[in-house]
Amino acid sequence: MKKEFLLAGFGGQGVLTMGLFLAYAGIAEGKKVSYVPSYGAEMRGGTANCLVTLSDREISSPLVSDPGVVVVMNQASLLKFEPVVRPGGILLINGSLVHRDTKRTDITSYFIPAAELAAEAGLPRGSNMVVLGALLEATDAVDPSGTYNYLVKTFKGKYLDKMALNMAAMEAGRQFIRQQRAVRQASIA
Amino acid sequence: MAKGYQRPSTLLDRPWHFCPGCNHGIAHRLVAEVVEEMGMVEKTVGVGSVGCGVFAYEYFNFDGIGPSHGRAPAVATGVKRVLPDHLVFTYQGDGDLAAIGTTEMVHSAVRGENITVIFVNNTLYGMTGGQMAPTTLTGQVTTTSPRGRGREQGFPFRVSEMLATLEGAAYVTRVALFNPAQVVRAKKAIRKAFEVQMQGLGFSLVEVLSACPTNWGLAPLEALKFVEEKMLPTYPLGEFKVPEGVKA
Amino acid sequence: MSEPILMKGNEAVAEAAIAAGCRYFFGYPITPQSEVLEQLARRLPEVGGAYVQAESEVSAINMVFGAASAGARVMTASSSPGISLMQEGISYIASAQLPAVLVNIMRGAPGLGGIHPSQADYFQSVKGGGHGDYRLVVLAPSSVQELIDHTVLAFELAEKYRTPVMVFGDAMMGQMMEPVVLPDTEPYPVHRPWATTGMKGGRGPNIVHTLYLPADKLEQHCQRLFAKYAEIERNEQRSVQYLTEDADIVVVAFGIMSRVARAAVEMAREHGIRAGLFRPVTLWPFPAAALREAASQARLVMAAEISMGQMVEDVRLAIQGRVPVTLFNRIGLVPNPDEIFERIRKEAREVQLVNG
C-alpha cells in the first residue's frame, strides 16, 4: 500500500498542519512516511502545499506527478491541481471558498462546506480540521485514531478544550462524507 | 647582580626577521612580557595575522595560530568561545585589520567578544612592499600612492576612535613606541587590555603606532621622529574608552 | 531503539550534530538552511555549548577554524552562495588539517539563483572551490534519516583524518520531513594533542598554521596531505546499488535525485526495461571502481542530477568510454519520477533494448 496526499491552499489555512496530522497518523501505524512542503520566498500569504506519502514499503521518491488524493482549500489550488489527480482518485474541495465546478469525471469529488461545518462545531477557524476529518473518512489511508493521538500530544493538558473542538470539527467532516456517500448510493440505486 | 634586561621566557631565542629599526620586535616583546608577568603562559593562545606579523607564532613561546588575512578576530572568537578562561589575543597590522579584516574586527567589538586585539599601525602594507593602506596619511607617498595620498584615495582610517563608539568595546587605546617613556606606557596599556579581557568586560584593542623605516625610506631614528611628528596629528595618543570601574 | 519522530531535514542535521558531540556552531542565516541555525541557537546552550551568529559566512568559517584549533568538535552550515564565501576558510582548514563539519543545503545558482533545490555545487566542493591542493570529503545523504547518519559519520571522518568533511543536502531535503531515529551511541572520541589549548603540563607551544615559505617545505606538506587523501580514497568510498546486477541501463544519481531515480528504475522494470540505480554516497572519494563494476554489463549509463551536468564528468571518468554516458538534468526543481522514466524509455529505444 502506498498513498500520496497533495494538500493545497493559501498560507494560513492550516494546509501544512493537515499534512503533519496525516504524517503522524502514518508513523503511529508503523508506516513509512515522507512529507514535502513547498514554500515560497515570502513568509506569509503565499500559496502553500505539501505532499504526504504513506507506504508499507520504503518510499523511493517523495515526489509524484499524480497523487491519489488531493485537497484544495481555495480556487487557485483547484485550477492548478485538479488535473493531476490520479484517475480513480479522490478530490476534496473546500466548498466554502471554491465556487466553480470540477471538470474531471474519472475521479470522486466532494465539495465540503468546511467553514459552515467548522462554525457549527464551535471552531470557526477550523476548516482544515473539517476537511481532514473528511479526508480520513473518504480514504482508508490511516486509522483516524492516529490523528487523534497526535491531537492529544499537540495540545497536551493545557488546551484540552481546544482539542475537544478540533475533534468535533474533524467529526463534522467525517459525518459529511458519510452523508454524501449515502446520498450517492441512493441515487445510483 | 640581576641583569636589567632579560629575554622573557615567553619569547623564543630567535633572530627577528624584521628590518632594522622596525618596531614590531618591541611590540612582540611587550606582549610576551605581559603574558609572562600575568602568569598566563599555560593559558594563552595568540592569533597572528598576514603581513609583517605573520611569523608571530615563531617567536612566542606559547600556543599560536596563523589565520588568513584579516580574519584573526573571527578565529580568536572561535578559540575564546571554546576556552573562555584563556587569554586570547590577535596581533594584526593595519593592512590586515583596517582593510580586509575591518568586518571581523568591528563585529568582534560589536559582539563584545572577550578578546584583545593588538593593532600595529605603521600606515602601510609593510610585508608586500609598502603599498597604501586605509591608514596611510594624507599626502603620504607609498608605492601605490606615488603622488601622495590625495582626495581620490580617501582619508586616514581612525580605527580606535570608531571602535570607541561601540557598546561592546570595553577598552580602546592608542599608544606609540617612539621613545622609552612611550614604550613603558604601551606595555601598561597591553596589560590593562589583557586584564579587561580576563575580567570578562568585553572587547579590547590597543593600537600601537609603529615605525617602518624601510618602506618610509627613512633611517631608524628619522622614522621614530616621523611617528611623533607626522603620525600623532592624525592619530593622537590616549585612551578612547575605559570600562567603568577600571582606572583610566 | 527509540520511537521514530517526524523531523525536518534541517532540524535533523542540528540534532545529529549534538548527538555526535558537537557543541559549537558558527553560522549565518540563509534560506533554505536557517532552521539549522535556529535549532542550534536553542539547543546548544542547553547542552553546555555555544552558538555564535557571525556577521558573514567568511567570518563563520574562520570561527570554525579557531574553535577546531582550540580542540572543539565544531560545525557550520550554509547554502550555496554562503558556501562560496567560505571557500577561503575551507582551504585553510584543509591545509591546517583541522577536523570540521560543513553542511551545504544547496540552492539554485549561479549568482543569487533561487531558493529551489539544486545539486550544482558538485564542482565547487568535490573538485576544489578554494585555492590550492586539497580535498574535501563530501557525503551525499538521500533521506532525513541519512542526513542524521551522515552528519554523525562526517564528524567521525573529520576527527579520524583531521580534515574538513562536507554533508550535501538541498532545499528539498532541508525542508522535507520524515520519521527518524537519533543515534544513541557514544560520539567518536576527540583526541587532539596538537590543539592550541594553552601549554599546560610543560609541553612546548602548539602551533596551527598554513604557511610554508620554503618551497621544499610546501611540497612536503602537500605530499603529507595527499598521502592522507590516498588513504581516505582507499578506505572510505561508499555507494549503494539497486537492481544493477542485470541492468542494461544504469542510472547514476546522488542525494534526493537518487530517490526519484530509484522510483523511475522501478517504473522501468514494470515496463520490462532492465534498469538499475547506482548511487554514490561519497562524492569525494568518488566510488569509481564500484560504478565501473556495476555498469560492466550495461549498454548505457545515465547520470541524473539537478545541475547542468557536473557529476556526469566523474561518471565518464569512471566508465572510461566503455559504454555511452548520457545526462538527464533539470534545474530549479526535483523532477517527478516519470520524467526520468520517460527518458530511460527513450534511451532504451535508442539502444534498441525495446521496440518502438
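So you know, we letter chains A, B, ... as the sequences are listed, proteins then strands, and number each from 1.
From B:H107, atom NE2 reaches atom OG of C:S56 across 8.0 Å, with rounding to the nearest 0.5 Å. With rounding to the nearest 0.5 Å, the separation of CZ in B:R81 from OH in C:Y51 is 11.0 Å. Here B:F60 contributes atom CZ and C:M199 contributes atom CE; the two are 12.5 Å apart, rounded to the nearest 0.5 Å. With rounding to the nearest 0.5 Å, the separation of CE in C:M63 from OG1 in B:T77 is 4.5 Å. The line from CG of C:N206 to CZ of B:F62 is 13.5 Å long, rounded to the nearest 0.5 Å. Rounded to the nearest 0.5 angstrom, C:S59 OG and B:R111 CZ are separated by 5.5 Å.
We find that C:K200 and B:D63 are not joined by a salt bridge, their nearest charged nitrogen and carboxylate oxygen being 4.0 Å or further apart.
Using a 4.5 Å cut-off between heavy atoms, C:I61 makes no contact with chain B at all. Residue C:A60 does not touch chain B at all, counting heavy-atom pairs closer than 4.5 Å. Only the side chain of C:R203 has a heavy atom closer than 4.5 Å to any heavy atom of chain B. Within the 4.5 angstrom heavy-atom criterion, atoms from both the backbone and the side chain of B:I65 approach chain C.
Heavy atoms from other residues, nucleotides or ligands lying under 6.0 Å from CD of C:E219 number 12 at most. Heavy atoms from other residues, nucleotides or ligands lying under 6.0 Å from CD of C:E46 number more than 12. Heavy-atom neighbours of C:Y134 OH from other residues, nucleotides or ligands within 6.0 Å: above the threshold of 12.
Taking C:V58, C:L213, C:T197, C:T210 one by one and counting their heavy-atom pairs under 4.5 Å with chain B, the maximum is reached by C:T197. Put simply, of B:V106, B:V75, B:V41, the one with the most heavy-atom pairs under 4.5 Å next to chain C is B:V75. Each of B:N61, B:T44, B:L87, B:V45 has some count of heavy-atom pairs under 4.5 Å with chain C, and the biggest count is that of B:N61.
Contact annotation: the side chain of B:V54 approaches that of C:L211 to within less than 4.5 Å [non-hydrogen atoms, C-beta and beyond]. For the pair B:S68 and C:Y92, the minimum side-chain heavy-atom distance is below 4.5 Å.
Taking all atoms of both residues into account, the shortest heavy-atom contact from C:A67 to B:V82 is CB-CG2, 3.6 Å.
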